[in-house]
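Working notes, beginning with the structure itself.
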Amino acid sequence: RLEPSTGDAEALVAIRDGFAPELRRRGQPASDVEAPAAGFSVYRLAYGERTDVAGELAAHGPHVIVLDPPVVREAVLTHLSAIAALGGVS
């Protein structure tokens, strides 16, 4: 299995407790940042290519929320919208 590339860029993501263990292992807990909702923990996640990380994060659906940077959040939303369009969901 290919592992996602890590890099110099960093995304701040909230991960629903009990989900996305591979992201938790790769990330660093961001205890200085308040979670957006109960049942989530915030992590700093290094990444290389924005499109690669967007696909990886989108694969977790509602269990991962991109808090920052906005460009990664938008890339995830674009990815999810494209998938929804393929399935006939609007």
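Taking each heavy atom of Pro69 and Ala11 in turn, the nearest pair found is CD-CA, 3.8 Å. Ala46 and Arg26 get closest at one heavy-atom pair: O-NH2, 3.4 Å. His63 and Phe40 get closest at one heavy-atom pair: O-CE2, 3.8 Å. Between Ala58 and His79, the shortest heavy-atom contact is CB-CD2, 3.4 Å. Taking both residues in full, the closest heavy atoms of Asp68 and Arg73 are given as N-NH1, 4.1 Å, listed atom of the first, atom of the second, then distance. Shortest non-hydrogen contact noted between Val64 and Ala20 is CG2-CB, 4.2 Å.
Val66 and Leu80 end up in the same hydrophobic cluster when Ile, Leu, Val, Met, Phe, Trp and Tyr side chains are linked at under 4.5 Å. Hydrophobic clustering keeps Val72 apart from Leu77 (ILVMFWY residues linked when any side-chain heavy atoms are closer than 4.5 Å, directly or through intermediates). Side-chain heavy atoms closer than 4.5 Å link hydrophobic residues (I, L, V, M, F, W, Y) into clusters, and following such links, even through other members, never connects Val42 to Ile15. Taken together through direct or relayed side-chain contacts under 4.5 Å among Ile, Leu, Val, Met, Phe, Trp and Tyr, Leu45 and Val71 form part of one hydrophobic cluster.
Rounded to the nearest 0.5 angstrom, Tyr47 OH and Asp8 CG are separated by 10.5 Å.
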query = Can you list the steps and then say if Val76 with His60 is a side-chain contact (heavy atoms from CB on, under 4.5 Å)?
reply = CA-CA 10 Å; Val76 169; His60 293 284; over 6 Å; no
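A side chain to side chain contact (heavy atoms under 4.5 Å, CB included) with Val13 holds for exactly one of Leu67, Leu23, Leu57; it is Leu57.
Side-chain N or O atoms of Arg16 include one that pairs as donor or acceptor with a backbone N or O of Pro62 at under 3.5 Å.
Glu10 is not listed as a side-chain neighbour of Gln28, based on a closest heavy-atom distance of 4.5 Å or more. Contact of the Asp17 side chain with the Arg24 side chain is registered, since non-hydrogen atoms from C-beta on lie closer than 4.5 Å.
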